[in-house]
2 protein chains.
Amino acid sequence: MSNLELEQLREKVDAVNLQILSLINERASVIQDIGKLKEKQGVDRYDPLRERHMLNLLKDNNDGPLEQKTVDHIFKEIFKSALNMQEEDTRKALLV
Amino acid sequence: MSNLELEQLREKVDAVNLQILSLINERASVIQDIGKLKEKQGVDRYDPLRERHMLNLLKDNNDGPLEQKTVDHIFKEIFKSALNMQEEDTRKALLV
């Protein structure tokens, strides 16, 4: 009985993982669009004020159980990955 | 006009961020339930085979634009945060 329960909880985690995957890819796609727009405008992609705004918004909406420092840490990794992706795109474009 | 476009894209990112926040908390909550169940069963919380299974499932479902190594990296941070949260809970329980 307990193993069935464990199996069900794991299936739930798998489903949530796939939803998170879809959202981080959707986010990355919007960040690509923002990058292109900023490139046209000739402004720097990295914007520490904007990052602070996003972290504050997350803090105001975090009902747990994850602690804020953990949420901050995960999102900083997500922010970083989006910037890295853009740098990689630029590098590839320069090589063409 | 361009700034309006930037503002709209940023609002989209903010909305996606909040959805991700909600899902990583939902995930953490299920992981807490799994932890309690495993505690009752007396089995170890950390399960490398289960982690491999989750990463494989993500790989099979990753349509980009994020590269797989980036997805792996973000999820390993998410996995780690769930384990840390449980260890912290256990530590607090031991102190009571």
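Residue numbering restarts at 1 for every chain, and letters A, B, ... go by the order of the sequence lines.
Using a 4.5 Å cut-off between heavy atoms, Leu57(A) touches chain B through backbone and side chain atoms alike. Heavy atoms of Thr70(A) lying under 4.5 Å from chain B belong exclusively to its side chain. The part of Asp47(A) that comes within reach of chain B is its side chain, from C-beta onward, which places non-hydrogen atoms under 4.5 angstrom from that chain. With a 4.5 Å cut-off on non-hydrogen atoms, Ile74(B) touches chain A through its side chain but not through its backbone. Heavy atoms of Glu26(A) lying under 4.5 Å from chain B belong exclusively to its side chain. Using a 4.5 Å cut-off between heavy atoms, Lys38(A) contacts chain B through its side chain alone, with no backbone atom that close.
Going from atom CG of Asp33(B) over to atom CG of Leu6(A) covers 11.0 Å, rounded to the nearest 0.5 Å. The distance from the CD1 atom of Ile34(A) to the CD atom of Gln8(B) is 11.0 Å, given to the nearest 0.5 Å.
The main-chain N or O of Arg50(A) is never found under 3.5 Å from a side-chain atom of Arg10(B) such that the two would form a donor-acceptor pair.
Around the NZ atom of Lys12(B), the shell of radius 6.0 Å holds no more than 12 heavy atoms that belong to other residues, nucleotides or ligands.
Looking only at atom types and distance, the side chain of Asp63(B) has no donor-acceptor partner in the side chain of Asn25(A) under 3.5 Å away.
The residue from Asn62(A), Leu66(A), Val16(A) that alone fulfils the side chain to side chain contact (heavy atoms under 4.5 Å, CB included) condition with Ile24(B) is Leu66(A).
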